[in-house]
Amino acid sequence: MKIIGLAGLMASGKTTAAQFLAANGAYVIDGDKIGHNILKRDGAAYASVISIFGTDILDGSYEIDRRKLGAIVFSDMDKFSLLNEVTHPIIVNEIKRQIMSAPPSEFIVIDAIILLYDIGLREICDFWLFINADWGVRVSRIMERNNFDEDTAQKRAASQLFLERPEVLATASEIIYNNNEVKDLNVALEEVLLHVKNN
């Protein structure tokens, strides 16, 4: 099985890309889903996150309210980094566990944002695909998807601008700019699958 790393900026179309790859036979490991699960009351990061950010981030059921947590970390990069320090190692370990237990498939896709580059997952990928989109496109998508005002959407988008640093983009096997229709993204992804299959 060949491993495709899938990274991308918020609202770039990374999730849409993952869905297309899954529909075309890839086994997708969803880093975002793992990240959500470890924050649940029975999750591996729950206690640590509460100890750092306090009980004000809890909802009425004592679950972590991701909107409250997001409002904190997306407006303060130091707190964003602190959250990543707690959660990223747990996510990476779970990704590696899922790779080892994956069912037979031609491709495994690791959908894990920037963990691929910053925490060593890049080295286990045969191909690293980065999905990008222009700033204005991403802000508009965040506003529509999350029902945010423009200022909030811009803060969310800005929180991931560090992903576009040159040393990250330079190591990507391919960068797809997803500014247009889904059909255009799908055509580009078909070409990626063909390339990976034949190399």
Side-chain angles (χ1 to χ4, degrees), residues 5-19 21-22 26-103 108-122 124 131 133 138-163 168:
L6 176 62
L9 300 172
M10 184 182 299
S12 64
K14 180 173 64 66
T15 299
T16 302
Q19 291 169 345
L21 295 170
Y27 179 77
V28 177
I29 297 174
D30 188 341
D32 288 342
K33 184 176 180 180
I34 294 171
H36 290 177
N37 288 339
I38 67 174
L39 291 177
K40 292 181 179 179
R41 286 180 64 181
D42 59 350
Y46 179 87
S48 296
V49 172
I50 297 301
S51 70
I52 294 170
F53 296 98
T55 57
D56 287 344
I57 63 171
L58 299 178
D59 63 19
S61 301
Y62 299 99
E63 293 284 358
I64 291 175
D65 186 320
R66 296 184 60 82
R67 283 218 168 199
K68 291 179 181 178
L69 179 60
I72 295 170
V73 300
F74 287 115
S75 61
D76 187 327
M77 288 307 298
D78 289 335
K79 292 179 179 178
F80 183 73
S81 296
L82 189 58
L83 177 65
N84 288 343
E85 287 176 13
V86 172
T87 59
H88 281 183
I90 299 171
I91 294 171
V92 169
N93 286 339
E94 176 60 16
I95 287 172
K96 290 180 176 178
R97 187 197 69 78
Q98 290 192 24
I99 289 173
M100 296 299 295
S101 61
I108 292 177
V109 173
I110 305 174
D111 178 2
I113 314 179
I114 203 57
L115 298 179
L116 298 166
Y117 181 88
D118 283 346
I119 313 185
L121 287 177
R122 173 67 181 92
I124 67 174
I131 308 296
R138 291 190 291 109
V139 169
S140 295
R141 289 173 181 168
I142 293 170
M143 290 173 65
E144 182 177 353
R145 181 186 68 190
N146 298 90
N147 195 28
F148 287 155
D149 59 37
E150 186 173 1
D151 182 61
T152 302
Q154 288 182 346
K155 286 180 179 178
R156 289 296 177 96
S159 72
Q160 290 191 343
L161 287 179
F162 70 96
L163 303 185
V168 174

After noting the C-alpha distance and the side-chain angles of Phe80 and Glu85, does the key distance pass the side chain to side chain contact (heavy atoms under 4.5 Å, CB included) rule? CA-CA 9 Å; Phe80 183 73; Glu85 287 176 13; over 6 Å; no
Quick one, [X] and [Y] - any side-chain contact, counting heavy atoms below 4.5 Å?
X: Tyr46; Y: Lys40; value: no
X: Ile57; Y: Ile50; value: yes
X: Thr16; Y: Ile131; value: no
X: Ile124; Y: Ile99; value: yes
X: Leu21; Y: Asp111; value: no
X: Ile34; Y: Ile90; value: no
X: Asp30; Y: Thr15; value: no

Got a donor-acceptor contact below 3.5 angstrom from the [X] side chain to the [Y] backbone?
X: Ser48; Y: Ala45; result: no
X: Arg141; Y: Ser12; result: yes
X: Asn146; Y: Phe148; result: no
X: Arg156; Y: Met143; result: no
X: Thr87; Y: Leu83; result: yes
X: Arg138; Y: Ala11; result: no
X: Asp59; Y: Glu63; result: yes

Apply side chain to side chain contact (heavy atoms under 4.5 Å, CB included) to residues Phe53 and Ile64 and explain how you reach the verdict. CA-CA 10 Å; Phe53 296 98; Ile64 291 175; over 6 Å; no
As an exercise, state the distance from [atom1] of [X] to [atom2] of [Y], rounded to the nearest 0.5 Å.
X: Arg122; Y: Ile110; atom1: CZ; atom2: CD1; value: 10.5 Å
X: Leu82; Y: Ile72; atom1: CG; atom2: CD1; value: 11.0 Å
X: Leu58; Y: Arg41; atom1: CG; atom2: CZ; value: 9.0 Å

Pair Asp56-Lys68, side chain to side chain contact (heavy atoms under 4.5 Å, CB included): steps then yes or no: CA-CA 8 Å; Asp56 287 344; Lys68 291 179 181 178; over 6 Å; no
Look at Asp32 together with Lys14 and state whether they make a salt bridge at an N to O cut-off of under 4.0 Å. yes
I'd like to know if Glu94 and Arg97 make a salt bridge, using a cut-off of under 4.0 Å between side-chain N and carboxylate O. yes
Please give me the minimum heavy-atom distance between Ala153 and Val139, naming the atom from each residue. CB-O, 3.8 Å
Ile91 and Gly35: which non-hydrogen atoms are nearest, and at how many Å? CD1-CA, 3.9 Å
Where do Leu69 and Leu39 land on the side chain to side chain contact (heavy atoms under 4.5 Å, CB included) test, with the steps shown first? CA-CA 11 Å; Leu69 179 60; Leu39 291 177; 4.1 Å; yes
Evaluation steps, side-chain hydrogen bond (donor to acceptor under 3.5 Å, both in side chains), between Asp78 and Ser81: CA-CA 5 Å; Asp78 289 335; Ser81 296; 5.5 Å; no
